[in-house]
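A quick write-up on the structure given underneath.
Chain A is the first sequence line, chain B the second, and so forth, proteins listed ahead of strands; every chain is numbered from 1. None of these values were measured; they are calculated from a predicted model.
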Protein chains: 2
Amino acid sequence: MTDGLSEKQQGILQFLEDFIAEHDYPPSIRDIQHGCDISSTSVVDYNLKRLEERGFIRRDREVSRAIELLTPHGERRRRTVPVPLLGKIAAGSPIPTPPDTLTPGAYDETIELTEEQTGGRTNIFALRVEGTSMIDALINDGDIVVLEATHSCDDGEMVAVWLRDENETTLKKFFHEGERIRLQPMNATMGPIYTRAANVEVQGRVVTAIRSL
Amino acid sequence: MTDGLSEKQQGILQFLEDFIAEHDYPPSIRDIQHGCDISSTSVVDYNLKRLEERGFIRRDREVSRAIELLTPHGERRRRTVPVPLLGKIAAGSPIPTPPDTLTPGAYDETIELTEEQTGGRTNIFALRVEGTSMIDALINDGDIVVLEATHSCDDGEMVAVWLRDENETTLKKFFHEGERIRLQPMNATMGPIYTRAANVEVQGRVVTAIRSL
DNA sequence: TTTCGAACAGAACATATGTGCCGGGCAGGC
DNA sequence: GCCTGCCCGGCACATATGTTCTGTTCGAAA
């Protein structure tokens, strides 16, 4: 458990973690000093240098509070990006959701996702799935699907489409079939929807699914 | 799009976002000044006060670089927690994974998850699923499952169990049946495994599943 | 026109904060 | 003992950095 770190260094590391979790900005040398009951700033500086040598943190010299916590593998920790949760989407019996006007404040809930999960995309939103119409695509009632906002898609992609006439949004697999569009629920017990191309507007393509048990 | 914010204020907000993403610590007033081509620190201060009034940021007075970015709803943004990715788990034909020695450095990969996804739990690890033996539980080949390290579980829970005799770990639903344990794959085409209680050691309970498309 | 407040410029000021220097205790090797 | 390197205490110092004060500009309202 020691990792070759002194007790004091482990304490500092823990303090960094806690301080950043609480304040969202790094502590100053003197914050660490008092937080870890260390008697001198030079001792803190000394140990920070050791931690930096071993790749636990990264520091920018001459800059206040310029301490970055690194992961156990020396990579930078990532912040999260707020993703608007635009509402529920019940593919079984579709309910309306707002179109892709992604202006801040147009929604009333956000979830936090890592950049790993958004793939670095910025035009991202999330929906909570109601119902089991996508069950064969391994998406269940209560799951959260993350979508990339787009107006076009290829056949077979799982997309959120807005049906103009019905004024509702639904989650389906998308297929061009001549003049028509086939919207295929991923549930063997449910039949596809056929409609005019002019009636469907693609709102987003599913990129990630998350389920909490 | 204006949100009642001046162009300069939006610029500052964007700069904060970018600076923090790059450095992992907040900028100083003068960093903002130069980054946004603003002529005076007092102008930055003035606009930061406006942003704070409107709930876009939070500041600690008298402390350098003490600027927190808030979500569009005024909540604090969360950092991520590094979760060790202990390896692949192929429930179809189980492969060994290391036991629950969660000492840093005992694994060689981590993923970043939000506290929403870990539920605030700290004894957390992740596995990448290989194979389709959990397909009926909506967990597919390539999915990542997040587990809470535990040695006990209730009937019906989805757990990672280590089979001592076979020296392998597998992902199954867990059932006590008298003297024996039944480990049920979540795939209708696969039969359950029966074994002595002494042969199974529960390593973790699945709490979240994540799939990237 | 005058008034007034929002937004901005520029500079001085106070303090927050990282760094360097000097010295001391302490264990290990010769 | 004596030296050497590691770790720590204490403190001064330079500067990084937030705050504040005094004006200025500009546009809308009276």
Side-chain angles (χ1 to χ4, degrees), chain A residues 1-70, chain B residues 1-70:
Chain A
M1 191 63 106
T2 60
D3 283 24
L5 291 184
S6 74
E7 197 172 317
K8 190 164 299 192
Q9 283 158 7
Q10 288 182 50
I12 290 177
L13 224 41
Q14 185 62 50
F15 179 77
L16 282 173
E17 186 115 22
D18 296 344
F19 190 99
I20 292 176
E22 182 179 348
H23 297 91
D24 232 36
Y25 52 78
S28 70
I29 298 255
R30 283 166 182 81
D31 287 334
I32 300 173
Q33 180 190 355
H34 298 130
C36 296
D37 282 318
I38 294 173
S39 47
S40 171
T41 57
S42 64
V43 178
V44 179
D45 188 61
Y46 173 82
N47 284 287
L48 286 181
K49 280 175 180 156
R50 291 303 124 84
L51 287 171
E52 190 177 17
E53 283 172 6
R54 291 159 179 272
F56 287 91
I57 61 173
R58 201 167 73 77
R59 293 212 293 166
D60 279 4
R61 301 320 197 77
E62 317 256 320
V63 180
S64 327
R65 298 172 181 270
I67 301 176
E68 287 182 58
L69 253 183
L70 303 179
Chain B
M1 189 64 105
T2 61
D3 282 24
L5 291 184
S6 74
E7 196 172 316
K8 191 164 298 191
Q9 284 158 7
Q10 288 183 51
I12 291 176
L13 224 42
Q14 185 61 51
F15 178 77
L16 283 173
E17 185 113 23
D18 296 343
F19 189 98
I20 293 177
E22 182 178 346
H23 297 90
D24 234 37
Y25 52 79
S28 70
I29 298 259
R30 283 168 181 79
D31 287 334
I32 301 173
Q33 178 189 355
H34 298 131
C36 296
D37 283 318
I38 293 173
S39 50
S40 172
T41 58
S42 65
V43 178
V44 178
D45 188 61
Y46 172 81
N47 284 288
L48 286 180
K49 279 176 180 154
R50 291 306 123 82
L51 287 171
E52 190 176 19
E53 283 171 6
R54 291 158 180 272
F56 287 89
I57 62 173
R58 201 167 73 79
R59 293 210 294 166
D60 279 6
R61 300 321 197 77
E62 317 257 320
V63 180
S64 323
R65 296 170 181 272
I67 302 176
E68 287 182 57
L69 254 183
L70 303 179

Whole Å only: how far is the CZ atom of B:R50 from the C1' atom of C:dA7? 8 Å
In whole angstroms, the gap separating P of D:dG5 from OH of A:Y46 amounts to 13 Å
Going 5' to 3' through nucleotides 11-27 of chain C and flagging B where a protein heavy-atom sits under 4.0 Å of the base, S where only the sugar-phosphate is that close, and - otherwise, we get B----SBBBB-------
Using the side chain to side chain contact (heavy atoms under 4.5 Å, CB included) definition, which of the options B:L13, B:D37, B:I38 pairs with B:K8? B:I38
Please determine whether a side-chain nitrogen or oxygen atom of B:N47 lies at a distance below 4.0 Å from atom OP1 or OP2 of C:dC8. yes
Test applied, side chain to side chain contact (heavy atoms under 4.5 Å, CB included); reference residue, A:F19; option that passes from A:D31, A:D24, A:L69, A:I32: A:D31
Beyond-backbone contact of B:L16 with B:F56, side-chain heavy atoms, under 4.5 angstrom: no
Is B:R50 salt-bridged to B:E53, going by a charged N under 4.0 Å from an acidic O? yes
Any donor and acceptor pair, going by atom type alone, linking the side chain of B:E68 with main-chain N or O of B:R59 inside 3.5 Å? no
Provide, to the nearest angstrom, the distance between the CG atom belonging to B:L48 and the C1' atom belonging to C:dA6. 17 Å
Would you indicate whether A:E7, at its atom CD, is surrounded by more than 12 heavy atoms from other residues, nucleotides or ligands within a distance under 6.0 Å? no
Atom CD1 of B:I38 and atom C1' of C:dG10 are separated, to the nearest Å, by 15 Å
